[in-house]
**Student:** 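Here you go, one structure.
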There are 2 protein chains.
Amino acid sequence: MPRVLSSEDVEAFRARLCEAAQTLFAERGIEAVTMRELAQALGVSPMTPYRYFKDKDAILAAVRAAAFARFAARLEAAMAQPADPLHRSRNAGQAYVDFALAEPQAYRLMFDLSQPTEGDYPELQGAIVRARRTMTVHVEAMIQAGQLEGDAELIGHLFWSVLHGMLMLQLTGKLAPTIDPAKLRTLASQTLVRGLGIVTP
Amino acid sequence: MPRVLSSEDVEAFRARLCEAAQTLFAERGIEAVTMRELAQALGVSPMTPYRYFKDKDAILAAVRAAAFARFAARLEAAMAQPADPLHRSRNAGQAYVDFALAEPQAYRLMFDLSQPTEGDYPELQGAIVRARRTMTVHVEAMIQAGQLEGDAELIGHLFWSVLHGMLMLQLTGKLAPTIDPAKLRTLASQTLVRGLGIVTP
DNA sequence: CAACATAAATTTACATCGTAAACAATCATC
DNA sequence: GATGATTGTTTACGATGTAAATTTATGTTG
């Protein structure tokens, strides 16, 4: 049933496809999902998705970009709560952990070394930049509040590294069975606060 | 040219295959390597590898186990240098970074979320345990030397998380272009030393 | 030593995947 | 209403992982 498509229709189909892909990824794992399945989930014939995306990589990139956007939105929402900068940082950290544990497949898609399809796909690039920006904003707030001093971007990346490392080890099942991830996160938090000389209000 | 194979021959072939796989992985990336290529690299017909490994996953697991073993050996060698515990920790951290940057494909294979083929393959499990053990030994040494107090395993996992997080972000190209990875590592080290109250000699 | 059994390796074959190319069906425009 | 473009489908192809059949070479036995 072909019709003339407005660009809104195109966007709508793309969005539906991304959503279906995300759902299937979460259910069956990323590489278990095939183009044919995806088309079937949308009720179209196997080749139809190719009218809206160049290839599978392009779909992956779009789903990744959407995941980064959702991720950034969560962090921004957590930091929007009124509180002193240190507490807002804690909230953001909690939101980070919540996201990764609630949507491990999305987190994996975002941070796996699977494909270096980064450079292409400017939409994806933008989503990453936005998410990364969030990582340093809260540090700048603490610095401005006099709770901390130093290079905000560098310190932001340190927070990020600690969170990312703990979560990746947890998600990949690399933590020792005796390790309680929550305790590890508490220790990490306390250690960073002390180590960076953050003034606790 | 079939012959009766001793179990040493079998092991030798497996080792050759793993080595070839590792080389090809490093060259062309992991998922770009095909069973047929692998067989060709060994000068055998495409199906021969299946006489020595159940399937491709089994080969992946064997290469992963070998990578973990090499990794653990490097860390252990770095810590075997005579020095006070804190310096041995630093050496181990440097060895960790060196390994990941020198063999990014191996590091990726070890820590990607690609397949949860962990549970099967006891050989792999053992290699991981050995590598993980290394991560806490140096902390125990510092505690015994009175340079630090706390839960050695938990603190070991904190060190591990920070290193792993920084390296993964670097290897996946997620660090901001303005970030110097070496500076980030320096900040991380200083922050952990201060935050954990490590007594510097 | 000749015939055979068995283990090793190869060849053939197949299902599945991503996707290119050919085709069909619908609508906008003249 | 004929025509050309746009959307969707069908068909087809090469590549991949691997199962099954087949060949080849060795060690064993009468």
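Both backbone and side-chain heavy atoms feed into the values below; hydrogens, waters and symmetry mates do not. Numbered from 1 within each chain, the chains take letters A, B, ... in sequence-line order. No experiment lies behind these values; they were computed from the predicted model shown.
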**Student:** CD of B:E31 versus C1' of D:dG17: gap in Å, rounded?
**Tutor:** 15 Å

**Student:** Within less than 4.0 Å of OP1 or OP2 of D:dG17, is there a side-chain N or O belonging to B:T34?
**Tutor:** yes

**Student:** Where along residues 14-28 of chain B does a heavy atom come under 4.0 Å from DNA chain D, residue by residue in number order?
**Tutor:** none

**Student:** Check whether the ring centres of A:H164 and A:Y96 lie less than 6.0 Å apart, and answer yes or no.
**Tutor:** no

**Student:** Which residue pairs pass the salt bridge (charged side-chain N to carboxylate O under 4.0 Å, His left out) test when at least one of the two sits in residues 156-171 of chain B, sequence neighbours left out?
**Tutor:** none

**Student:** Take the protein atom NZ of B:K56 and the nucleotide atom P of D:dA15, then report the distance between them rounded to whole Å.
**Tutor:** 15 Å

**Student:** Can you tell me how far CD1 of A:I155 sits from OG1 of B:T191, rounded to the nearest 0.5 angstrom?
**Tutor:** 7.5 Å

**Student:** Output the distance between atom CD (A:Q40) and atom CG (A:L24), rounded to the nearest 0.5 Å.
**Tutor:** 10.0 Å

**Student:** Grab the OH-P distance between A:Y50 and C:dA21 for me, whole Å please.
**Tutor:** 13 Å

**Student:** Does A:Y52 place a side-chain N or O at less than 4.0 Å from the phosphate oxygens OP1/OP2 of D:dG8?
**Tutor:** yes

**Student:** Whole angstroms only, please: what is the CG-P distance between B:D55 and C:dA15?
**Tutor:** 20 Å

**Student:** Report the distance from atom NZ of B:K174 to atom CE of A:M135, rounding to the nearest 0.5 Å.
**Tutor:** 11.0 Å

**Student:** State which residues pass side chain to side chain contact (heavy atoms under 4.5 Å, CB included) with A:A32; sequence neighbours excluded, sorted by chain then number.
**Tutor:** A:R28

**Student:** To the nearest 10 degrees, how far apart in direction are the end axes of the helix from C:dC1-D:dG30 to C:dC30-D:dG1, each fit to five base pairs?
**Tutor:** 30°

**Student:** Go through B:E31 and B:R108 one step at a time and tell me if the salt bridge (Lys or Arg N to Asp or Glu O under 4.0 Å) criterion holds.
**Tutor:** CA-CA 12 Å; B:E31 55 274 324; B:R108 170 191 166 183; 2.8 Å; yes

**Student:** Report the distance from atom CG of B:D57 to atom P of D:dT16, rounded to the nearest whole Å.
**Tutor:** 17 Å

**Student:** Can you tell me how far C1' of C:dG18 sits from CD1 of A:I59, to the nearest Å?
**Tutor:** 11 Å

**Student:** A cation-pi test, strictly: NZ or CZ of B:R14 under 6.0 Å from the centre of the six-membered ring of B:F53 and no more than 45 degrees from its axis. Yes or no?
**Tutor:** yes

**Student:** Please list residues of residues 36-48 of chain B whose heavy atoms come under 4.0 Å from any atom in DNA chain D, ordered by number; otherwise none.
**Tutor:** B:R36, B:M47

**Student:** What is the separation between atom CG on B:L60 and atom P on D:dG17, rounded to the nearest whole Å?
**Tutor:** 10 Å

**Student:** Rounded to whole angstrom units, what separation is found between the CE atom of A:M35 and the C1' atom of D:dT9?
**Tutor:** 17 Å

**Student:** Please determine whether a side-chain nitrogen of the Lys or Arg among A:R133 and A:E76 lies less than 4.0 Å from a carboxylate oxygen of the Asp or Glu.
**Tutor:** no

**Student:** Just how far is it from atom CE of A:M168 to atom OG of B:S161, taken to the nearest 0.5 Å?
**Tutor:** 12.0 Å

**Student:** For A:A176, enumerate each residue passing the side chain to side chain contact (heavy atoms under 4.5 Å, CB included) test, keeping only those at least two apart in sequence or located in another chain.
**Tutor:** A:T178, A:I179, B:R132, B:E153, B:H157

